[in-house]
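Notes follow once the structure below has been shown.
Just so we're on the same page: letters track the sequence lines, and every chain starts at 1.
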Number of protein chains: 2
Amino acid sequence: MNNISNIFKEKNLKLTPQRYAIYKFLKSVKTHPSAEMIYAEISKDYPTMSLATVYKTLKTLIELGLVQELNVGEDNFRYDANVAIHPHIVCLNCGKVDDIENANFDNLKTDVLNYTDYDVLSYKLYFYGICSECKKGR
Amino acid sequence: MNNISNIFKEKNLKLTPQRYAIYKFLKSVKTHPSAEMIYAEISKDYPTMSLATVYKTLKTLIELGLVQELNVGEDNFRYDANVAIHPHIVCLNCGKVDDIENANFDNLKTDVLNYTDYDVLSYKLYFYGICSECKKGR
DNA sequence: CTATTAACAAATAATAATTACAAATTAGGA
DNA sequence: TCCTAATTTGTAATTATTATTTGTTAATAG
């Protein structure tokens, strides 16, 4: 069984309420929040939560491979508990970040081998455009 | 004629030596430097250059569509005077950022239309791996 | 059951990248 | 050459993130 509880145990890390809350929140949400947004949300249930804890927990979760970091071009990072490589799309109007679901772009990793002498390990793909809500309101 | 000089004139912007130096430097280089790196380099020729000027000039150049901003996952931005959409590859070992040249991934923009209801305007594609120099030194 | 100890959370200080501001300077047209 | 708005510069301020410190928690040995 490879749930969080076990992953933490294997690494001698404690699955504290704070850590669990952050992970559970990230899992439950599709908005790809920033550290600040996570902090604001979790603070409702854990009034003593510190922003430093959010940052430190996110770093741990990333090291454990439970969370990935997105950099869509803002001055901060966003976080995604879906660690599968998948494209994202950013609304240039409202800033929303969505998943591109069901699309498979994994051929990119092999295609690119013809154009580089790097060993290619992974990739990030971001699309930019206008979301349907913003299209309406124009 | 659509050189920088004219583009600036059209917008009532002054083509100062500083601005020109920054643009020329970015054009001449394939390293995708950060603001700090640009500042360090340009300072050699313009000892009075201020870091604030570098940042402000980069912003102007971006607005004019002469430069694009990259965000490969560092805590700072990198800049590229090649404004054509093209993929980049980052060495996870030494941090170098290279262009992927001659590859055409523009079908991505139309492919993705089947998986989103956004109007898709552009995309950014970053590969991550190990460069050939770093492979040798292992 | 208690003492020990390592991991942790919280608060706050520190750092790094970027931006804002105010005063001095300069580009480029009249 | 002169004028003026735009620009540069130095510095202060801001923002995101990380480090440090101190008190707390939880697992475990005795």
| query | Does any pair with a residue in residues 13-28 of chain A pass salt bridge (Lys or Arg N to Asp or Glu O under 4.0 Å), and if so which ones, sequence neighbours excluded? | reply | none
| task | Determine which pairs satisfy salt bridge (Lys or Arg N to Asp or Glu O under 4.0 Å) with at least one residue from residues 81-92 of chain B, sequence neighbours left out, and list them in order. | result | none
| query | Which pairs, with at least one residue in residues 77-86 of chain A and sequence neighbours excluded, count as a side-chain hydrogen bond (donor to acceptor under 3.5 Å, both in side chains)? | reply | A:H32-A:D80, A:E74-A:R78, A:D80-A:H86, A:D80-A:H88, A:H86-A:H88, A:H86-A:D99
| request: With sequence neighbours excluded, give me every side-chain hydrogen bond (donor to acceptor under 3.5 Å, both in side chains) pair touching residues 42-64 of chain A. | output: A:E41-A:K44
| Sugar-phosphate or base contact per nucleotide [nucleotides 24-30 of chain D; S, B, -; heavy atom under 4.0 Å] | -------
| Which residue lies more 5' along DNA chain D, comparing B:N12 with A:Y79 via nearest heavy atoms | B:N12
| request: Answer with base, sugar-phosphate or nothing: what part of the nucleic acid does A:K59 contact at a heavy-atom distance below 4.0 Å? | output: sugar-phosphate
Only counting residues at least two apart or in another chain, list the ones meeting side chain to side chain donor-acceptor pair (under 3.5 Å) with [X].
| X | answer |
| --- | --- |
| B:D75 | none |
| B:D111 | B:N107 |
| A:D119 | B:K135 |
| A:K96 | A:E133 |

| B:A52 has a side chain; which of D:dT7, D:dT11, C:dA10 sits nearest to it? | D:dT11
| query | When the distance from CG of B:L51 to P of D:dT11 is rounded to whole Å, what number comes out? | reply | 13 Å
| query | Rounding to a whole Å, what distance do you find between B:M49:CE and C:dT25:P? | reply | 17 Å
| Which distance, rounded to the nearest 0.5 Å, do you find between the CD1 of B:I7 and the CG of B:L15? | 10.0 Å
| query | Going by the angle between their ring planes, with limits at 30° and 60°, are A:F127 and A:F105 parallel, tilted or perpendicular? | reply | tilted
| note | Taken in chain and number order and not counting sequence neighbours, the residues that satisfy salt bridge (Lys or Arg N to Asp or Glu O under 4.0 Å) with A:E36 are none
| field | Those residues of residues 61-78 of chain A lying under 4.0 Å from DNA chain D by at least one heavy atom | value | A:D75, A:N76, A:F77
| Where along residues 18-48 of chain B does a heavy atom fall under 4.0 Å from DNA chain D? | B:Q18, B:R19, B:T48
